[in-house]
Amino acid sequence: MRKDVRILLVGEPKVGKTSLIMSLVSEEFPDVVPYRVEEITIPADVTPERVPTHIVDYSEAEQTDEQLFQEISKANVICIVYAVNNKKSIEKVTNHWIPLITENTDKDSRVPLILVGNKSDLVEHSSMETILPIMNQYSEVETCVECSAKNLKNISELFYYAQKAVLHPTGPLYCPEKKD
Ligand code: GTP
Ligand code: MG
């Protein structure tokens, strides 16, 4: 049995990473947030899978690339957050974040990724049409979820999926055909 789960949130500035973490912890949307919150640890008995869970925020404004790479290599699961109303933040998932994570993780250990579309309160239609092809293309992507830190939609689900991706991964652990 694993002793704990380390979840890292990355993504473009202003997509709502810090707000998501604070909404989870306080069960209400924070009007004002710092760039980055300190790592928080959720005790085993209040997590769905009964495993102590660390949630780690990232902010380009406060951290160096080196610090980011270190956090990437320490993470057990990484949530790549985009904003559903921000096309550029979605494009960055494939042209920046996934390659960056691949470069900074051990080739033989698969770190599951979760694609998180935040700010669902701001749009009428879903981003899934754009996201599903990404899920199909990258075997590391375990699942995707649309949520809103503002109206607390799918927040606890998001962290549950992240825990589950580590404890009960569904994808292949190693994909020989994909390597060259
Ligand atoms: P950096 O730390 O700069 O990388 O940004 P971040 O990804 O941590 O985003 P942050 O949590 O600071 O949120 C950025 C802005 O988006 C703030 O004004 C938030 O109030 C707003 N915001 C965050 N989540 C939501 C959401 O679900 N809905 C809406 N409407 N606004 C949100
Ligand atoms: Mg932040």
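Both counts, for ligands and for their atoms, begin at 1 and track the order of listing.
In this structure, Q67 contributes its side chain and T64 its backbone to a donor-acceptor pair below 3.5 Å. Judged by distance alone, with hydrogens and angles left aside, the side-chain atoms of N86 form no donor-acceptor pair with the main-chain N or O of V15 at under 3.5 Å. Checked by atom type and distance alone, the side chain of K119 never pairs as donor or acceptor with a backbone atom of Y82 at under 3.5 Å. Side-chain N or O atoms of R6 include none that pairs as donor or acceptor with a backbone N or O of V56 at under 3.5 Å.
A pairwise comparison of heavy atoms in A165 and I114 identifies CB-CD1, 4.3 Å as the closest pair. Nearest heavy atom pair, residue K107 against residue T102, reads NZ-O, 3.6 Å. L152 approaches F29 most closely through the heavy-atom pair CD2-N, 4.3 Å. The nearest pair of heavy atoms linking N154 to C147 is CB-CB, 3.7 Å. Among all heavy-atom pairs drawn from I42 and V46, the shortest one is CG2-CG2, 3.5 Å.
Both L68 and I80 are part of a single hydrophobic cluster, where members link through side-chain heavy atoms under 4.5 Å apart.
In this structure, E91 places its CD atom where more than 12 heavy-atom neighbours from other residues, nucleotides or ligands lie under 6.0 Å away. Counted within 6.0 Å of NE2 on H168, heavy atoms from surrounding residues, nucleotides or ligands total more than 12; the atom is thus considered enclosed.
Within ligand 1, the atoms closer than 4.0 Å to a non-hydrogen atom of L122 are 30 (N), numbered from 1 in the order shown.
Of all protein heavy atoms, the one closest to atom 20 (O) of ligand 1 is F29 CZ, 3.3 Å. The shortest contact between atom 21 (C) of ligand 1 and any protein heavy atom is with K119 NZ, 3.9 Å. Ranking protein heavy atoms by distance to atom 24 (N) of ligand 1, first place goes to N118 ND2, 3.1 Å. Annotation: atom 28 (N) of ligand 1 to nearest protein heavy atom, D121 OD1, 2.7 Å. K17 NZ, 2.8 Å is the protein heavy atom nearest to atom 4 (O) of ligand 1. Counting protein heavy atoms only, atom 9 (O) of ligand 1 is closest to G16 N, 3.0 Å.
Counting heavy atoms only, S19 comes closest to atom 13 (O) of ligand 1 of the residues P13, A149, S19.
At least one N/O-N/O distance between S59 and ligand 1 falls below 3.5 Å. Between K150 and ligand 1, at least one pair of N/O atoms sits closer than 3.5 Å.
The parts of T18 lying near ligand 1 are both backbone and side chain, judged by heavy-atom distances below 4.0 Å. Contact annotation: for L20 versus ligand 1, there are no heavy atoms closer than 4.0 Å. Residue-level proximity to ligand 1 for V33 is carried by the side chain, the only part with a heavy atom below 4.0 angstrom.
At least one heavy atom of K14 sits closer than 4.0 Å to an atom of ligand 1.
Under 2.8 Å from the Mg ion (ligand 2), one finds the following protein N/O/S atoms: T18 OG1, Y35 O.
For atom 1 (P) of ligand 1, a protein heavy-atom neighbour is present inside the 4.0 Å cut-off. For atom 26 (C) of ligand 1, a protein non-hydrogen atom is found at a distance below 4.0 Å.
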(message) side-chain contact (heavy atoms from CB on, under 4.5 Å), that's the test. Do K17 and S59 meet it? Break it down for me.
(response) CA-CA 8 Å; K17 302 175 293 296; S59 183; 5.6 Å; no
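By the side chain to side chain contact (heavy atoms under 4.5 Å, CB included) test, K14 pairs with Y35, sequence neighbours left out.
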